[in-house]
Amino acid sequence: MNERNFLEELNSEQRAAVECTDGPVMIIAGAGSGKTRVLTYRIAHLLNKGVDAFSILALTFTNKAAREMKERIAGLVGPEAGNLWMGTFHSTFARLLRKESYRIGFPPNFTIYDTEDSKSLLKNIVKEMNLNDNSYKPSPLLGRISSLKTMLVSAKDYANDAHYNSEDRAMHREHFGQIYETYTKRLFKSGAMDFDDLLYFTNILLRDHPDILLKYQDMFRYILVDEYQDTNFSQFMILRQLAARHQNICVVGDDAQSIYAFRGANIQNMLNFQKQYADTTVFKLEQNYRSTQTIVNAANQVIAKNRDQLAKKVWTANEQGEKIPVLRAFTDSEEGRTIAQNIHDLRIKAGSAYREFAILYRTNAQSRPLEEALRKIGIPYRIYGGISFYQRKEIKDILAYFRLALNPHDEEALRRVINYPKREIGDSTVDKMTVAAYDNDISLWTVMENIPDFDLGLQNRTRDKISEFVNLIKSFSAIVPTHNAFQAGDFIASGSGIIKELFTDRTPEGVNRMENVQELLNGLRDFSLRAEPDAPQPTLGLFMEDIALLTGEDQNKEDEHNLDKVLLMTIHSAKGLEFNYVFVSGLEENLFPSQMSVMDREDLEEERRLFYVALTRARKKATLTYSMSRYRYGSSVSCEPSRFLEEIPADFLYTVPSSYEPRQPREINRIPRPASPGYSNGSPPVMRSPLTNKKLVSINKTQAGAAPLNNEHLGALAAGMIVEHERFGRGEVLKTEGKYPDSKAVVMFENGEKKQLLLRFARLKVVENP
DNA sequence: GCTTCTACCGTTTTT
DNA sequence: CGGTAGAAGC
C-alpha cells in the first residue's frame with residue numbers, strides 16, 4: 001500500500017496528528033478515537049519519509065500492544081517494521097541494560113526478579129534482622145520500595161531524608177531504611193534486578209554516563225509513547241533524558257483512562273507535558289468510532305466531575321443504541337447465572353459469536369462465581385491475562401535451575417531449588433551458610449563453592465551433599481554456552497531430578513504438573529528451531545530473557561486467541577480492547593469502588609476513570625450488574641449497589657428486576673451463616689448443642705448419611721450423633737465446640753479412642769442422627 | 001531433616 | 001474457603 005492510500009483512511013484530526021512528525025507532540029485521544037491507528041500510521045509515515053527504522057523507539061504498555069502494532073506497521077510498510085525498537089518500557093530497557101549493565105557493575109546476564117522473588121528476599125532479610133514480621137510484611141515493604149524506586153529515591157537518599165525517617169518512626173517501622181539498603185545490596189550481590197530496577201538503573205546509567213546518553217539520544221531520534229497517562233516518574237525521566245537532544249517525542253494518551261496510579265503512574269506527566277516542552281503541538285482526537293451514543297454519553301457523565309482532566313469533548317456519530325440495563329441479583333452466583341442467561345439469549349437473538357462478549361470485574365476473585373455459571377449452561381469462556389504459565393510452581397522450579405545455570409549467584413533461584421528435589425540440605429544448613437555469606441560479604445553460592453574453607457559445624461555428609469549440588473549446577477552451566485536452549489533445558493530438567501520427582505506423582509495434579517513441564521520443554525524446542533538462520537544461536541539465556549517480562553496474556557497460543565469464547569477479565573486488563581457486548585459485574589459499594597479507595601481517598605477519581613474504561617469497551621451494548629450479597633471467605637456478606645449507578649443519569653439506564661427468587665434450600669439443608677448484619681433472608685434459626693446448650697452457629701446441617709467422605713459438605717454435628725471416620729471407624733460425638741471454620745468435635749470411637757477433630761479437615765460421615 | 005497437623009489470615013488493580 | 005507458616009512429632 002502506498003502512502004497516499006493510507007493517509008486517506010484517516011479523518012482530518014487523525015491525519016494532522018500523523019503528519020506533524022517533528023518536535024514535541026501530544027495527542028489527546030478519547031476512548032475509541034482511533035489512537036492505535038494514529039500511532040501505527042504515524043510510524044509508517046515516518047518510515048515512508050525515509051526515517052530509518054532503527055532510529056524509532058516506540059513504547060507501549062503491554063507486549064501484546066507492541067506486537068500488534070508491529071504487525072500492523074508491517075502490513076503498511078513491509079518487513080522493515082521488524083527493525084523498529086518497539087516494546088514495553090521494561091522489556092526495551094532491559095534489552096538496553098543487557099548491553100550496558102557492566103558500566104554500573106551488573107553482569108550482562110543479570111537475573112530479573114519477579115514479585116515472588118522480591119518478596120521472598122525481603123522475607124529472608126526481615127527474618128535475618130530478627131524483626132517482628134507482623135509490621136514488616138513482604139508485600140507492603142516491596143510496595144514501598146517499589147514506589148521509592150519509581151521516584152528515583154535510592155536507599156542512601158532515603159536514609160538521609162528526615163521526612164522519610166520521621167514517617168517511619170510514626171509508622172513503627174524504623175528499620176525500613178535498613179531493609180531497603182540490605183535489599184538493594186542483596187540484589188546486587190545476586191546479580192539481579194527487580195522490576196523497578198530496570199527503569200531505575202536505566203535512569204542511573206543515562207544520568208551518570210554522558211557517552212551512553214549521547215549514544216542513545218542519537219540512536220532514538222524519534223520517540224513515540226502510547227498510553228502516556230500511565231507513565232510514572234521514572235519512565236518520565238528516561239524519556240526526558242532520551243528526548244532532550246532531538247525533542248522528537250510524541251506521546252499519545254487519554255487522561256480520562258489513567259488507572260494505574262497505584263503503581264506510580266502520574267497523570268501530571270500528561271497534564272504538564274506542555275510545560276515540559278514549550279513548543280508542543282497538541283492534537284485532540286474527540287470523535288469516538290466505537291460505541292453507541294448512549295454509551296459515550298453515559299461514560300462522559302461518569303467522569304464529568306473529575307477535577308484532574310484535560311478539556312475535551314468526546315462525541316460520536318454512531319447510532320443512539322439501547323439503554324444500559326442494570327441487573328440486580330440476590331447473590332453473586334445468581335449474578336453469574338443472570339449474565340450467563342443474558343449471553344445465551346443475546347447470542348441467539350443477535351446471531352453473535354461468543355467472542356463478541358466480555359465480562360469485566362474489579363477484582364480477580366470475582367471470576368469464580370461467573371465461571372461456575374457459564375460452565376453450568378455450557379458457555380465456553382476464557383480468562384484473559386490470568387496466572388501466567390511461567391508462574392506455576394513446577395515451571396518456576398525448573399526455571400530456577402535454568403537461572404542458576406546462567407547466573408549461580410541468583411540467590412532466590414538457589415534457595416528455591418537447593419533442596420528440591422530433596423537432597424538433605426535443610427533449612428538449618430542454609431541458615432548457617434547464609435550467615436557465612438553475610439559475614440564475609442559474599443554470595444551464598446560463593447560460600448557453597450568453597451564450603452571446605454568454612455567452619456560451619458556441618459557434618460561431612462552434609463558438606464558432601466553441598467559439593468555434589470555445586471558440581472551439578474556447574475555441569476549445567478557448562479552445557480549452556482555450547483548447546484541450544486532445548487538441548488540445555490532438557491539436560492537440566494532431567495539432570496536436576498525434577499522430572500523424576502514429578503513422574504512418580506500419579507495424582508491428577510501431579511500428572512498435570514508433568515504435562516506443564518513437557519509443555520515448557522516443547523516451548524524450548526520451538527524456540528530453538530524457530531531461530532532465523534543468521535540470528536544468534538538460540539541459547540537458554542536468550543530464552544530466559546524472552547520470558548522474563550511476559551505477562552499472562554502474552555504467552556497464550558495464537559489459536560487460543562482465536563477460539564470463539566466469552567472473555568473474562570479485570571477492567572484493568574481490558575484497557576485497549578473492545579467488544580460488542582460488555583457486562584460490568586459487581587457494581588457494589590466497597591467492591592467497585594473498592595473498599596481501599598473509599599477509605600483512603602475521598603475523591604474516587606481513579607475508580608471513576610476505571611468505570612469509564614469499562615463502559616467504553618462496549619460497542620453495541622453495555623450491561624451493569626450487581627448483587628445484594630456476596631461470598632467472602634466462605635460466608636455471605638450483604639452489599640449495597642455502587643454509588644456509580646446513581647451517577648449515571650436515569651434516562652440512560654433501565655432497571656431489570658431479578659428474574660430469580662432467592663435460592664431455595666437444596667437437598668442439603670443449609671443453616672445460614674452467623675447472623676451477619678444485613679443477612680437478607682431473615683435471621684437464621686439457632687441450633688443449640690444438647691449437651692452444652694451452646695449455639696451451634698455456622699455449621700451446616702446435613703441429612704444423616706448424606707455427607708460424602710470429604711470436607712466439602714460437613715454436616716452440623718451435635719452430641720449424640722453417630723459418625724464414621726475414614727480411619728478411626730465408628731464413634732459417637734460427645735461434644736462440639738468452636739466457631740466455623742475452626743469448629744471441633746470430640747468423638748469417642750468404638751476402639752475406645754477419644755479424639756478431638758477439627759471439623760474442617762475431619763473426614764466424617766454421619767450415620768445416625770437421633 | 002522430613003512429615004503431619006493446626007492456627008491463622010486474607011480485600012484491589014499489574015508492567 | 002483456600003493457602004500457608006510454623007509447631008510438634010517422628
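Letters go in sequence order (proteins before strands), and every chain restarts at 1. On a predicted model such as this, the values are computed, not experimentally measured, just so you know.
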- Message: Please determine whether a side-chain nitrogen or oxygen atom of A/Asn364 lies at a distance below 4.0 Å from atom OP1 or OP2 of B/dT13.
- Response: yes
- Query: Are any of A/Lys123's side-chain N or O atoms less than 4.0 Å away from OP1 or OP2 of C/dA5?
  - Reply: yes
- Task: State whether A/Ser91 places a side-chain N or O below 4.0 Å from either non-bridging phosphate oxygen (OP1 or OP2) of B/dT15.
- Result: no
- Item | Pair A/Lys123 + A/Glu128, salt bridge at N-O below 4.0 Å | no
- Sugar-phosphate only, base, or nothing, as touched by A/Asn590 at under 4.0 Å among non-hydrogen atoms: nothing
- Looking only at side-chain atoms of A/Thr88, point me to the closest of B/dT13, B/dT15, C/dT4. B/dT15
- Message: Just the rounded figure in Å: distance from C1' of B/dT14 to OH of A/Tyr390.
- Response: 19 Å
- Task: In whole angstrom, give the distance that lies between atom CG of A/Leu142 and atom P of B/dT14.
- Result: 16 Å
- Task: Take atom CE of A/Met86 and atom P of B/dT15, then tell me their distance rounded to the nearest Å.
- Result: 18 Å
- Message: Under 4.0 Å from OP1 or OP2 of B/dG1: is there any side-chain N or O of A/Thr429 that close?
- Response: yes
- Item | Touch class at under 4.0 angstrom, heavy-atom based, for A/Phe61 against every strand present | sugar-phosphate
- Check whether any side-chain nitrogen or oxygen of A/Ser594 sits under 4.0 Å from OP1 or OP2 of B/dT13, and answer yes or no. no
- Tightest non-hydrogen contact, residues A/Ala365 and A/Pro369, listed as O-CD, 4.2 Å
- Item | Rounded distance (Å) that lies between atom P of B/dT3 and atom CG of A/Asp427 | 13 Å
- Query: Do NZ/NE/NH1/NH2 and the carboxylate oxygens of A/Lys35 and A/Glu227 come within less than 4.0 Å?
  - Reply: yes
- Task: Please step through salt bridge (Lys or Arg N to Asp or Glu O under 4.0 Å) for the pair A/Asp114 and A/Lys396, ending with a clear verdict.
- Result: CA-CA 11 Å; A/Asp114 66 13; A/Lys396 281 207 76 172; 2.7 Å; yes
- Message: Does A/Glu424 reach a base, just sugar-phosphate, or nothing at all? Heavy atoms under 4.0 Å.
- Response: sugar-phosphate
